[in-house]
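Remember, it's a predicted structure, so these values are computed and weren't measured experimentally.
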Amino acid sequence: MDLQRILYISKCVINVIGVIITNLYCIPTYLLWMWVILLPFRIINHPGYWYLEGVMFRWLLTVVAGWGWRSKYQIVEMGDDVSKLTKERCLFLVNHQSTADVPLMMLAFQEKDCVLESIMWIMDRLFRYTNFGAVSVTHGDYFITQGKHVRDYQMKKLRDHLLKVYLGRNRKWIVLFPEGGFLSKRLETSVKYATKNNFPILEHVTLPRIGAMEVILNTLGPHSNLKDTIDEDVSLLRGTEEECEPLKWVIDTTVAYPDRLKPLDLLAICTSCRPPCSVYVHHRCYPINEVPLDSTESLRDWTYQRWSEKEELLKEYYTTGEFPHIPASQRKNETLDSLNHRLHEVKMDMRQLIFIHTMFLSSTLFHCYLLYKVWDYAQY
């Protein structure tokens, strides 16, 4: 084994050890603050508790985002500027390719003001049993179980969760992966389904499932009369008009990795085992009143059209090596719309990252001291 290979393996091992150590002093201290020390504060000051929880949740997500940044996986944002919508309620519809999607979306969002603390992730229930699952449960993310036999029950649970948790904790952005699984695992099934039902045949994305999306839009949309819908069991932070505001935007987000057949994954982010690269994140913003909600079929057709546009973007990227600003079918006179020529490289503030790690390390030492004192007292 040559020296270069030894250095490469050593770097990967050191990075993994760093991630493990970070998990050991970040996640337990978050849970101790939220589940033990600040729990009485939740009764005394409900808004204050969730404000503090949001701050610590943002710190945790920034730490996770730092792994991708450390590995030099650069996020390049294109399309519409979603940073202008940080105070608005938005639903993000994202294509799903690998385990890297979530941490890289965290990296994309971490520089946007007040987003990470008020975000809600909708994920597969298996994520609940990961090391980060307890954090997501505390924050109020939703874990969905797939399958026809539990579909109606899951949709009812999602509706209740949106009213009691999303509105009750004044969340803003919802991130949903409508494809319901990774591209490599669902592609064959998607093509068969599309062929059988005369739907668009896609190769770079899979046909999305609209069940959860339909529930979200019908529950939080402009015609849902949220003030009348919320019952006495839903305790809003302050009961303001802002907390009852409906969704304003649906964001079509396309994630593109440089290698179509082998996208980045969580292992690559944790170990830095893949070469540095740029990952494109393309946003297109649609006002909620442009999304058809009159029937399931019209919403399905609208969503399939968005996924067909994703297919165009990704196909051109993997053919030419350049990510287009808008789909080829929507270009006027074979030129790009100059209003969509936004190219933004996401940055991370090293000083902020150092501050966050310092806070978590200090909290861990404080908690260890408290536990030592409790144990010492119990000996008498």
Query raised in the report: Under 3.5 Å, side chain of Arg70 to main-chain N/O of Ile269, donor-acceptor pair present?
Result: yes

Query raised in the report: In the hydrophobic clustering that connects Ile, Leu, Val, Met, Phe, Trp and Tyr at side-chain heavy-atom distances below 4.5 Å, which members other than Tyr153 occupy its cluster, ordered by chain and number?
Result: none

Query - Ionic contact status for Lys310 with Glu179, cut-off 4.0 Å - result: no

Query raised in the report: Among side-chain atoms of Glu312 and Ser329, is any donor-acceptor pair under 3.5 angstrom?
Result: yes

Query - Ring centers of Tyr49, Phe41 separated by less than 6.0 Å - result: no

Query raised in the report: Any idea how Phe57 and Phe132 line up, ring-wise: parallel (<30°), tilted (30 to 60°), or perpendicular (>60°)?
Result: tilted

Query raised in the report: Strictly by modelled atom types, are Gln330 and Glu309 linked by a side-chain donor-acceptor pair under 3.5 Å?
Result: yes

Query raised in the report: Between Glu311 and His204, is there a donor-acceptor pair closer than 3.5 Å when you use the side chain of the first and the backbone of the second?
Result: yes

Query - Cationic N near anionic O, under 4.0 Å, Lys156 to Asp152 - result: no

Report task. May I ask you to decide if Lys347's main-chain N or O and Trp69's side chain share a donor-acceptor pair within less than 3.5 Å? Result -> no

Report task. Might you confirm whether atom CD of Gln305 has over 12 heavy atoms from other residues, nucleotides or ligands at distances under 6.0 Å? Result -> yes

What side-chain donor-acceptor pairs closer than 3.5 Å can you find for residues 270-277, not counting sequence neighbours?
| unit_1 | atom_1 | unit_2 | atom_2 | d |
| --- | --- | --- | --- | --- |
| Thr271 | OG1 | Leu267 | O | 2.7 |
| Thr271 | OG1 | Cys273 | N | 3.2 |
| Ser272 | OG | Asn15 | ND2 | 3.2 |
| Ser272 | OG | Ser71 | OG | 2.6 |
| Arg274 | NH1 | Pro263 | O | 3.4 |
| Arg274 | NH2 | Lys262 | O | 2.5 |

Query raised in the report: Among Tyr317, Phe323, Phe92, whose ring-ring contact (aromatic ring centres under 6.0 Å, His included) with His282 holds?
Result: Phe323

Query raised in the report: Between Phe109 and Trp121, what is the ring plane arrangement, given parallel below 30°, perpendicular above 60°, and tilted in between?
Result: tilted

Query raised in the report: So among Leu61, Val346, Asp349, which one has a side-chain contact (heavy atoms from CB on, under 4.5 Å) with Gln110?
Result: Val346

Query raised in the report: What residues, two or more places apart in sequence or in another chain, satisfy side chain to side chain contact (heavy atoms under 4.5 Å, CB included) together with Thr319?
Result: Lys315

Requested in this report: Name the orientation class of the two ring planes belonging to His357 and Tyr25 (parallel below 30°, tilted from 30 to 60°, perpendicular beyond 60°).
Outcome: perpendicular

